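On a predicted model such as this, the values are computed, not experimentally measured, just so you know. In what follows, chains are A, B, ... by sequence order, proteins preceding strands, each numbered from 1.
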Number of protein chains: 2
Amino acid sequence: MVKYANAMSSRASHRGARPVENALGRLARACRERGLPVTVQRRAVLEALVPRDDHPSADDLFEAVSRTVPGISRTTVYRVLETLVDLGLASRISHPGGGARFELRRGRHHHLHCARCGCVKDFTSPALEALELPRLAAHGFEVDDWSLHVTGLCADCRGRSRRTSKSRLPNPSRSEKGEKR
Amino acid sequence: MVKYANAMSSRASHRGARPVENALGRLARACRERGLPVTVQRRAVLEALVPRDDHPSADDLFEAVSRTVPGISRTTVYRVLETLVDLGLASRISHPGGGARFELRRGRHHHLHCARCGCVKDFTSPALEALELPRLAAHGFEVDDWSLHVTGLCADCRGRSRRTSKSRLPNPSRSEKGEKR
DNA sequence: ATTCATGCAAAGTGTTTGCAGTATC
DNA sequence: GATACTGCAAACACTTTGCATGAAT
């Protein structure tokens, strides 16, 4: 499923090295501007977020970061993530059911949300890029950003059974009783 | 699509009577189809949801419904809401930070999400209605529904101070006080 | 040296689950 | 009368907070 362009060296430490550098550079700059210390934890969380395209939860990131910074606490990951969002380096994305998810802040992109497995995939669209938002000024709203949210079935789930497994409804059986009252 | 002519009586008890009836009718039908009992709680929760356009949380609805069905439990409200979503009568909408929000299922509409106060306003757009989604098939995705999510500042918040009050960042050099909670 | 971040533990939210009793069909 | 729902309490998952210590500038 996840398929990396294999143009770079295949050494794990190289894959995505440039994006990581860029991100860390932006972090350093942002922190300096605000007078915030650049801590190992902040660097590590950001570094863990960069290569991911699966919108990890705070806990996912905690787990990942724990490998680089063994003693890090969950609390810190939460706090760092909030800071990164505040600094504009990351985004907290909506994810109905379960907790918050995060992603590195990139250019405009949209979300495909699978109703079955709950995964979220990104997609971009030059066509949509040109989309002119309706006169939201009429609503008195000051637009900061926007994106498209698409729900449906991801490729994987499309292949699998049609029956949704998470519904708590009983059997939608043919119990079509005749009307009584 | 959902356009109410103001042709009805202005008595409070009448306002929105038709939509409520419609919704209850759909509930009865949906339940009958699935062989589910139409309980007072299900009717009450749906009835409480119909007139609202503020995307109430489960707890908001619990409070509202408690007035009509005094003994109802929070648990039941949660369960009923899930059922309503499963039945296609309501939607659970993403709401980063805080819990899930719900809305009556209507035609396509989009969300204005205020970054300051967290409120969510709906808007519709015939122009967007005609929007052709990019070839998502390329992603193997089967589209069920889609909507636009716009973030920014709502009319109310635009009027107020520019400083965001929820940031946990220290002073961005110049401390601009005057913000409470 | 100052200021802010970190880690820990504990407290908070929001939501789900097991079970006995009960309403609806 | 059978089935599924309701209410209660407890369990759960996720996130935040208070405080003492430790690190970055």
Quiz prompt | Partner set under side chain to side chain contact (heavy atoms under 4.5 Å, CB included) for A/Arg32, not counting sequence neighbours | solution = A/Ala28
Short N/O separations, protein against nucleotides 13-15 of chain D, under 3.5 angstrom:
from	atom 1	to	atom 2	distance (Å)
D/dT15	OP1	A/Ala100	N	2.7
D/dT15	OP2	A/Tyr78	OH	2.5

Exercise. Could I get the full list of side chain to side chain donor-acceptor pair (under 3.5 Å) partners for B/Glu103, not counting sequence neighbours?
Key: B/His55, B/His109
Self-check item: Rounded interatomic separation in angstrom, taking CG from A/Leu27 and P from C/dA5
Solution: 12 Å
Quiz item: Residues in side chain to side chain contact (heavy atoms under 4.5 Å, CB included) with B/Arg52, at least two apart?
Solution: B/Asp54, B/Pro56, B/Asp60, B/Leu61, B/Ala64
Exercise. Can you sort out the partners of A/Asp144 under side chain to side chain contact (heavy atoms under 4.5 Å, CB included), two or more places apart, ordered by chain and number?
Key: B/Thr151
Quiz prompt | Between the first and last five pairs of the helix from C/dA1-D/dT25 to C/dC25-D/dG1, the angle of the axes, rounded to 10 degrees | solution = 50°
Practice problem: Please identify each residue that fulfils salt bridge (Lys or Arg N to Asp or Glu O under 4.0 Å) with A/Arg106, with sequence neighbours left out. | Solution: A/Asp122
Exercise. Name all residues meeting the side chain to side chain donor-acceptor pair (under 3.5 Å) criterion together with A/Thr76; count only those two or more places apart in sequence or in a different chain, and write none if there are none.
Key: A/Ser73
Practice problem: Salt-bridge test for A/Arg79 and A/Glu82: reply yes if a basic N is under 4.0 Å from a carboxylate O, no otherwise. | Solution: no
Quiz prompt | Atom pair distance, as rounded to whole Å: CD1 in B/Ile72 and P in D/dC5 | solution = 14 Å
Exercise. Return the value, rounded to whole Å, for the distance between atom CZ of B/Arg32 and atom P of C/dT24.
Key: 16 Å
Quiz item: B/Phe62 has an atom CZ; how far is it from atom P of C/dT16, in whole Å?
Solution: 16 Å
Quiz item: Sequence neighbours excluded, which residues qualify as side chain to side chain donor-acceptor pair (under 3.5 Å) partners of B/Arg43?
Solution: none
Quiz item: Looking at A/Trp146 versus A/His110, is the centre-to-centre ring distance below 6.0 Å?
Solution: yes
Quiz item: Could you state the CZ-P distance from A/Arg42 to C/dG7, rounded to the nearest angstrom?
Solution: 12 Å
Quiz item: What one-letter contact string describes nucleotides 18-25 of chain D from 5' to 3', where B marks a base within less than 4.0 Å of any protein heavy atom, S marks contact via sugar-phosphate atoms alone, and - marks no contact?
Solution: B-----SS
Practice problem: Starting at CG of A/Leu153, measure out to NE2 of A/His113 and round the result to the nearest 0.5 Å. | Solution: 11.5 Å
Quiz item: Could you state the CG-P distance from B/Asp86 to C/dT16, rounded to the nearest angstrom?
Solution: 12 Å
Quiz item: Among all residues two or more places apart in sequence or in another chain, which pass the side chain to side chain donor-acceptor pair (under 3.5 Å) test with A/Asp59?
Solution: A/Arg74
